Amino acid sequence: MNDASIRVVIADDQALLRGGFRILIDSADDLEVVGEAETGREAIEVVRRTTPDVVLMDIRMPELDGLSATREIASDPDLDGVRIVILTTYEVDEYVLQALRAGACGFLGKGMRPAELPEAIRVAARGDSLLSPRATQTLIARYLALPEGPLPVLSGELAKLTDREREIVALVAEGLSNEVIADHLVISRQTVRTHVHRAMAKLGARDRAQLVVIAYQTGLVRATAMDR
């Protein structure tokens, strides 16, 4: 395993599933499992001890559920670089939105194809993780538009964004990758990435997933769609 390997922690109460994930992850040259946990409380302890790049976190675990564990990890400044991907049995899991708000960078259905897992981990490690490949735009809108709890940012904060940043954030919220956005706007991928990171900084978004939450809850996506 090389020094540049992406370090992963697997948190799930099913030993068989953890074992299967470990085999898939460790078979990739650029990925390495550095810890496992079968409870939410243990997940927090393992993450603090190993400071991985990515955590695969099951929602339903004993002692402390994955949602609470995610919130605690995401709120720890010493673990700011840790990306959490929620594992769900069903991609319309009722806790998906809460997990994104708690600080998760995305979610994956446990029914994913084996080949999808390593790439999903790489995407999460880059900070570009969003939602499972099978999640539809309708599902995204349905969940992120729900009025639950305080908004992560006031609508007026969108005024801080330039016109280009607003345009790119709207496209990000539609589930488009940096590559697709770059092709659509005829600009470089690095330019897209720069605009995304500037928008995240201005809006106080921890990652790309929270940027999507903001876009939907402030109405940016709907307003942009009407302007087209």
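This is a predicted model, so every value here is computed, not measured.
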If you compare all heavy atoms of [X] against all heavy atoms of [Y], which two are closest, and at what distance to 0.1 Å?
{"X": "G66", "Y": "M61", "answer": "CA-CE, 4.0 Å"}
{"X": "A104", "Y": "I86", "answer": "CB-CG1, 3.6 Å"}
{"X": "R83", "Y": "A124", "answer": "CG-O, 3.2 Å"}
{"X": "V33", "Y": "D26", "answer": "N-OD1, 3.1 Å"}

Is the closest basic N to carboxylate O distance between E165 and R198 below 4.0 Å? no

Flag side-chain contact, heavy atom, 4.5 Å: [X] against [Y]:
{"X": "V196", "Y": "I168", "answer": "yes"}
{"X": "T70", "Y": "I59", "answer": "no"}
{"X": "L185", "Y": "L171", "answer": "yes"}
{"X": "L87", "Y": "M57", "answer": "no"}
{"X": "V34", "Y": "V9", "answer": "yes"}
{"X": "P118", "Y": "I25", "answer": "no"}
{"X": "V8", "Y": "V55", "answer": "no"}
{"X": "I187", "Y": "V192", "answer": "yes"}

Please determine, by modelled atom types, if T191 and S188 share a side-chain donor-acceptor pair under 3.5 angstrom. yes

Holding to side-chain contact (heavy atoms from CB on, under 4.5 Å), I want the full list of residues that pass it with P62, two or more places apart in sequence or in another chain. D13, T39

For L24, what residues pass the side-chain contact (heavy atoms from CB on, under 4.5 Å) criterion, not counting sequence neighbours? P114, L117

Would V172 and I181 satisfy side chain to side chain contact (heavy atoms under 4.5 Å, CB included), going step by step from the backbone distance to the final call? CA-CA 8 Å; V172 167; I181 294 173; 3.7 Å; yes

Just to verify, what does [X] make a salt bridge (charged side-chain N to carboxylate O under 4.0 Å, His left out) with, not counting sequence neighbours?
{"X": "R164", "result": "E167"}
{"X": "E38", "result": "none"}
{"X": "D80", "result": "R206"}

Holding to side chain to side chain donor-acceptor pair (under 3.5 Å), I want the full list of residues that pass it with S68, two or more places apart in sequence or in another chain. D65

Could you pull out all residues at least two apart from E119 that satisfy side chain to side chain donor-acceptor pair (under 3.5 Å)? R122

Applying side chain to side chain contact (heavy atoms under 4.5 Å, CB included), run through V85 and C105 and close with a yes or a no. CA-CA 6 Å; V85 177; C105 69; 3.9 Å; yes

Examine distances only and state if a side-chain atom of K202 and a backbone atom of L161 form a donor-acceptor pair shorter than 3.5 Å. no

Polar side-chain atom of R18 near backbone of D12 as donor-acceptor pair, under 3.5 Å: yes

Distance check, rounded to the nearest 0.5 Å: [X] atom [atom1] versus [Y] atom [atom2]?
{"X": "R71", "Y": "I84", "atom1": "CZ", "atom2": "CD1", "answer": "11.0 Å"}
{"X": "T194", "Y": "N178", "atom1": "OG1", "atom2": "CG", "answer": "9.5 Å"}
{"X": "L211", "Y": "M200", "atom1": "CG", "atom2": "CE", "answer": "6.5 Å"}

Enumerate, atom names and distances included, each donor-acceptor pair closer than 3.5 Å involving a side-chain atom of residues 46-53, sequence neighbours excluded.
{"residue": "R48", "atom": "NH2", "partner": "E72", "partner atom": "OE2", "Å": "3.4"}
{"residue": "T50", "atom": "OG1", "partner": "V46", "partner atom": "O", "Å": "2.8"}
{"residue": "D53", "atom": "OD2", "partner": "R7", "partner atom": "N", "Å": "2.7"}

Transitive ILVMFWY side-chain link L17 to I23, under 4.5 Å: no

